[in-house]
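Counting starts at 1 for both ligands and their atoms, in listed order.
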Amino acid sequence: MLDVAAIRRDFPILARQVRGRRLVYLDNAATTQKPRQVIEALVRVYEQHNANPHRGVHTLATETTDLYEAARAHVARFINARRAEEVVFTENATAAINLVAHSWGRATLKPRDEVVLTHMEHHANLVPWQITAAETGAVLRFIPLLPDGTLDMDAARRLIGPATRIVAVTAMSNVLGTINDLRPLIDLAHEFGAVVLVDGAQSVPHIATDVQALHCDFLAFSAHKMLGPTGVGVLYGRYELLDRMGPFLAGGSMILKVEWERSRYNEVPWRFEAGTPNYADAIAFDAALDYLEALGMDAVREHEVQLTAYALGRLAEVDGMRIFGPPDATRRGGVISFYYGDIHPHDVGTVLDYAGVAVRAGHHCAQPLMQLLDVPATVRASFYVYNGRDDVDALTDALTETAKVFGYAARTRAG
Ligand code: C6P
């Protein structure tokens, strides 16, 4: 079990108040807060080592280069990649997916080839494929959802076939919380010679990830959703695939030899890291991984399953509540989206803020999914290692207050 009280002491921001109330931060699927250890690591880079990596022979440049490459090696260990070179640092998960859509997708897709996505994808794993499909003549196909918010695997078996070239699927929905059973999908895609990109933006921060056991070809995620700094993302790619991929951005660092008319590109992964990288934040990300490893990813997951089960129970007691996603906390992550009575989610979010409770209200960058759910938006509470039952209680208490503010409206939809 996690010691939530001790963990909270590591997060300076959790000591502040919002509108005179204790900050109850339940917007972790959007971004997480940072422990002192990560903030100090970032300060240490700038106070002690700062220089441009891979560009100088002086001491500071060598130190920064070593720390930057050590962070890469740590990420590789964290997801059990075979080698550090399989880890490309990007700006965020979005940039990682765009890199694959651009560099792998544009080079390999032909007219009428099929890219299989799902109905629960974030815009980051949808729009890049729309663009690539429009450019190549490829066709997008979508695995639909069952009423409980899980993937329709029978439909998936019908959709994935000889025309499938790429399957791009989220490991965990940022709206429904659904954790997808990826291995059968990946095996199916591989039977037909397709490559599989897993969007791990919501899963890698919360569930131990082993890319070798998963057999995925690409995995994208963001440091800022796992206690790390903003501005750092990761693209994991199987080395053989990355090695066959051309660059996306071009300029310094990604080259071996430049002539006036042509250039020879650098080795993987530096081929994909044009320009000065965000080395300071990548180095601080290393400290975030240390922090998570010290807690233990299995303990993180167990904590969230228990907290989510508790929250699902408490929210179900609230009159007029419509909760989306699988009812079983073991089938989902710590993300709970709901629609409360007839009150617009933005209004709910605003009233909750007056109680110090931070949730996200909106379409969560999943507009087509909102249409499927037949709502304009949802309220979403999402948990992490520093959340406890007291946070869930604060949420449900504040929801009761919200019903009072909006009076009878909260009951109409339920009735
Ligand atoms: N979802 C949310 O509030 P970036 O923004 O690149 O770090 O992550 C993109 C992304 C990709 N896939 C999934 C499943 C995601 O949830 C996200 C980010 C945040 O739900 C911000 S929109």
Side-chain angles (χ1 to χ4, degrees), residues 25-34 75 88-102 117-131 142-143 145 149-151 167-180 182 185 196-207 209 216 218-236 248 278 281-282 284-285 288 304 324-325 332-338 345-346 349 352 358-370 373 375 377-384:
Y25 187 77
L26 297 177
D27 195 15
N28 294 286
T31 199
T32 61
Q33 300 303 344
K34 321 302 172 196
V75 174
V88 180
F89 280 124
T90 63
E91 192 183 341
N92 45 36
T94 303
I97 297 169
N98 273 273
L99 172 54
V100 177
H102 184 98
L117 311 173
T118 81
H119 273 161
M120 64 170 82
E121 296 313 315
H122 185 280
H123 296 165
N125 198 29
L126 170 59
V127 184
W129 299 112
Q130 292 173 345
I131 293 171
F142 295 91
I143 302 172
L145 307 185
T150 58
L151 289 180
V167 175
V169 55
T170 188
M172 180 181 141
S173 164
N174 68 320
V175 174
L176 304 167
T178 314
I179 294 172
N180 289 322
L182 292 175
L185 270 182
V196 181
L197 176 139
V198 172
D199 175 357
Q202 295 295 346
S203 67
V204 176
H206 305 277
I207 306 170
T209 304
C216 63
F218 299 105
L219 173 75
F221 56 100
S222 287
H224 71 92
K225 290 189 200 291
M226 48 195 298
L227 310 181
T230 49
V232 179
V234 171
L235 174 67
Y236 155 82
F248 180 14
N278 186 359
D281 291 303
F285 182 35
E304 289 180 19
F324 301 101
R332 61 187 295 156
V335 166
I336 305 179
S337 285
F338 56 87
H346 286 159
L352 292 184
V359 293
R360 182 166 173 192
H363 54 61
H364 315 295
C365 302
Q367 288 180 357
L369 177 56
M370 292 295 121
L373 299 176
V375 288
T378 72
V379 182
R380 184 187 68 184
S382 51
F383 312 122
Y384 212 16

Legend entry - Within-cut-off N or O pair, T170 and ligand 1, under 3.5 Å: no

Inset, instruction - Report yes or no: does a heavy atom of H224 sit under 4.0 Å from some atom of ligand 1? - result: yes

Inset, instruction - Say whether K225 and ligand 1 are in contact under the criterion: heavy-atom distance to a ligand atom below 4.0 Å. - result: yes

Inset, instruction - Measure from the side-chain N and O atoms of R332 to the backbone N and O of L176, and report whether any donor-acceptor pair falls under 3.5 Å. - result: yes

Inset, instruction - Answer whether the closest heavy-atom distance between the side chains of F285 and V75 falls below 4.5 Å. - result: yes

Legend entry - Region of A29 that comes within reach of ligand 1 [heavy atoms, distance under 4.0 Å]: backbone

Legend entry - Nearest-contact summary for atom 3 (O) of ligand 1 - protein heavy atom, Å: R360 NH1, 2.5 Å

Inset, instruction - Find out whether F221 and M226 are in side-chain contact, i.e. whether some heavy atom of one side chain is under 4.5 Å from a heavy atom of the other. - result: yes

Inset, instruction - Check if R380 has a non-hydrogen atom at a distance under 4.0 Å from any atom of ligand 1. - result: yes

Legend entry - Per-atom contacts, ligand 1 versus N174 - under 4.0 Å to a heavy atom: 2 (C), 16 (O), 20 (O)

Legend entry - atom 14 (C) of ligand 1 [closest protein heavy-atom partner, distance rounded to 0.1 Å]: D199 OD2, 3.4 Å

Legend entry - Ligand-side contact atoms (ligand 1) for residue partner S222, heavy atom cut-off under 4.0 Å: 4 (P), 6 (O), 7 (O), 8 (O)

Legend entry - Validation row: H206, F383 side chains within 4.5 angstrom (heavy atoms): no

Legend entry - Minimum-distance protein heavy atom relative to atom 6 (O) of ligand 1: T94 OG1, 2.5 Å

Legend entry - Any E91 side-chain heavy atom under 4.5 Å of S222 side chain: no

Inset, instruction - State the atoms of ligand 1, each with its element, that fall below the 4.0 Å cut-off from a heavy-atom position in A93. - result: 6 (O), 8 (O)

Legend entry - N28 versus T32, closest heavy-atom pair with distance: O-CG2, 3.6 Å

Legend entry - Main-chain N/O of I207 paired with T209 side-chain donor or acceptor, under 3.5 Å: yes

Legend entry - Residue pair T378 / H364, side-chain donor-acceptor N/O under 3.5 Å: yes

Legend entry - Nitrogen or oxygen atoms of Q202 and ligand 1 under 3.5 Å apart: yes

Inset, instruction - Around atom 15 (C) of ligand 1, find the nearest protein heavy atom and jot down its residue, atom name and distance. - result: H122 CD2, 3.3 Å

Legend entry - Heavy-atom check, side chain of T170 versus side chain of Q202, under 4.5 Å: no

Legend entry - ligand 1 atoms in contact with C365 (distance to a heavy atom under 4.0 Å): 22 (S)

